[in-house]
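Okay, structure first, notes after.
Numbered from 1 within each chain, the chains take letters A, B, ... in sequence-line order.
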2 protein chains.
Amino acid sequence: MAKIVIVEDDVYLREELESILEKEGYSVESISSFDSPLEDIISASPSLIILDLNLPNLSGFQICRYLKARGIGPILVLTSRNQLRDELHALELGADDYLTKPCHPKRLIARIQKLQHLYANMHILLDAGDFQLDEKANVLYVGKNSISLSENEGMIMKSLVKAVPSVVKKEELFNQLWGSSEYVDENILQVNMTRLRKTLDEVGLSNRIKTVRGIGYQLIGGSYQ
Amino acid sequence: MAKIVIVEDDVYLREELESILEKEGYSVESISSFDSPLEDIISASPSLIILDLNLPNLSGFQICRYLKARGIGPILVLTSRNQLRDELHALELGADDYLTKPCHPKRLIARIQKLQHLYANMHILLDAGDFQLDEKANVLYVGKNSISLSENEGMIMKSLVKAVPSVVKKEELFNQLWGSSEYVDENILQVNMTRLRKTLDEVGLSNRIKTVRGIGYQLIGGSYQ
DNA sequence: ATTAACTCTTACAGTTGTTGTAAGGTTAGA
DNA sequence: TCTAACCTTACAACAACTGTAAGAGTTAAT
């Protein structure tokens, strides 16, 4: 069954939510902002995130932006903040719906179902700031242009974008693409990096993949650095 | 610029909406339920529909369902009905968001932008009952299976599905695929029909394209016949 | 400055998928 | 039965993608 992650520090409210969702058949995982919420959410790979904004440790807005850039969602903000500016801000940063507490369980469920239905047919774009990557179709959008990537190019790009601003280890990339292969030439990754860089050049994204000698590769630029 | 269709009978409210949206740069077309709203909406091919529920001639719910079945949207319901059951009903029938009047212009605009953004990345599936066609990606979904169609196969399939249950004239298909070509062999359509049929066979969709001798081809079966 | 390890680039060939052509076979209906 | 309409199959051209190979360039430590 679909897994929903709840990011909420209020224990009472959290349990109430869990009860509602579990009755509806969802598998629920709750995360508080005192743990390492971002990593936990990603590793749970939920089909929907319910997010409170009033977290003592970390701004809900930051979580929104972080998750959206990595193509994780949908995000439903459920908060007691009923100010319009909060709603506008959340929606702008990537929240997909914004409900204020108290919220009738049926409304919550209806909105959850709507978002999940919308997302089922969506091609999620990984956002790197000045370009977006459709990881299902392997298409790169740069301003008004777009270019289609090959399977290999898409896989590499996906890893780089998701890791921003970290460095992706070359072993990691190698294993991901050729880990199950019998034997491949040792420079296969380099060749494919050259090809990807050339493709990026064609759409004006030059010098965006940095080589970190001995370690791996890193996507640079965009809105994150 | 993006076109928004407003379905609203209250003249005053309609003009207020038009003013708000036009200030935001949208091109707006208003439709009242006294005309032939369904056809008008489709022929306007809007990028979003703002729908009132309290229409004297036709239920807003009916409009929702009608539009959704034809893959037209997104639909934003904007109504004075603030009962939960109305919202649930509208969402279930295909509305993508539900706002109650009075609604702050900024909230309306934010929700509109959110929906348009979601839809821009959505692959709408043409529904033929027992299978679905993703016309952007040329992928055919049959139950839990899916198969990727070639460009030609996808174009033909798209025409057939959209025309169901009518016959598509062979000249029409020919012009659509090879109309701009210098010269092509006269049996090119037949060859491609054979290929498409063979591909459909592979996913269990046998004998679904009927030849109408002298006229063209017709998709049969599914939930429409 | 030298050197060795690391990285990049380019050309080539094999593979796969798509497409149009050509030739011949089959079917429907008068 | 006869013929126009339709179907099928094989073939070759083409484009895209991929891995291999060889050689060139770059970096950082000595």
Exercise for review: Identify whether any heavy atom of B:N152 sits under 4.0 Å from a base atom; if not, whether one sits that close to sugar-phosphate; answer base, sugar-phosphate or nothing.
Suggested key: sugar-phosphate

Check your understanding: Just how far, in rounded Å, is P of C:dG17 from CD of A:E151?
Key -> 13 Å

Practice item. Return the value, rounded to whole Å, for the distance between atom CG of B:N207 and atom P of C:dT27. Key: 14 Å

Review point. Is the distance from OP1 or OP2 of C:dT7 to the nearest side-chain N or O of A:K170 less than 4.0 Å?
Key: yes

Check your understanding: Within this structure, what is the CG-to-P distance between B:L149 and C:dT18, rounded to whole angstrom?
Key -> 9 Å

Check your understanding: B:T211 side chain N/O closer than 4.0 Å to the phosphate oxygens (OP1, OP2) of D:dC7?
Key -> yes

Check your understanding: In whole angstroms, how far is the C1' atom of C:dT18 from the CD1 atom of B:I156?
Key -> 13 Å

**Study point:** Donor-acceptor pair (no angle test) under 3.5 Å: B:D185 side chain, C:dT19 base
**Key:** no

Check your understanding: Centre of A:Y66's six-membered ring, under 6.0 Å away, within 45 degrees of the axis: is that where NZ or CZ of A:R70 sits?
Key -> yes

Exercise for review: Answer yes when B:R208 and B:D201 have at least one side-chain N-carboxylate O distance shorter than 4.0 Å, and no when they do not.
Suggested key: no

Check your understanding: How many Å lie between CG on A:L173 and P on C:dT7, as a whole number?
Key -> 12 Å

Check your understanding: Can you tell me if A:S43 uses its side chain to pair, donor with acceptor, with the backbone of A:D40 under 3.5 Å?
Key -> yes

Practice item. Please report, rounded to the nearest Å, how far the C1' atom of D:dC17 is from the CG atom of A:L177. Key: 13 Å

Check your understanding: Can you tell me how far C1' of D:dT20 sits from CG of A:N192, to the nearest Å?
Key -> 12 Å

Review point. Where is the tightest heavy-atom contact between B:K210 and B:R197, given as atom of each residue plus distance?
Key: C-NH2, 4.0 Å

Check your understanding: Of all the choices, C:dC12, C:dA22, D:dC17, which nucleotide is nearest to the side chain of A:R195 once you look at every atom?
Key -> C:dC12

Practice item. Identify, between B:G216 and A:W178, the residue whose nearest nucleotide on DNA chain D lies closer to the 5' end. Key: B:G216

Review point. Pick the nucleotide of DNA chain C nearest each of A:Q190 and B:I188; which residue has the one closer to the 5' end?
Key: A:Q190

Exercise for review: Using a cut-off of strictly less than 4.0 Å, decide whether B:Y217 has a side-chain nitrogen or oxygen near OP1 or OP2 of D:dA5.
Suggested key: no

Review point. B:K210 has an atom NZ; how far is it from atom P of D:dA5, in whole Å?
Key: 19 Å

Review point. Among D:dT8, C:dC8, C:dT18, which is the nearest nucleotide to the side chain of A:N187?
Key: C:dC8

Review point. Can you tell if the side chain of A:S32 reaches within under 4.5 Å of the side chain of A:D9, non-hydrogen atoms only?
Key: yes

Check your understanding: Looking only at N and O atoms, is any donor in the side chain of A:R213 or the base of C:dA5 less than 3.5 Å from an acceptor on the other one?
Key -> yes

Exercise for review: Could you say whether B:V184 or A:T194 is positioned toward the 5' end of DNA chain C, judged by the nucleotide with the nearest heavy atom to each?
Suggested key: A:T194

Practice item. Report which part of the nucleic acid A:R197 touches: base, sugar-phosphate, or nothing (heavy-atom distance under 4.0 Å, all strands). Key: sugar-phosphate

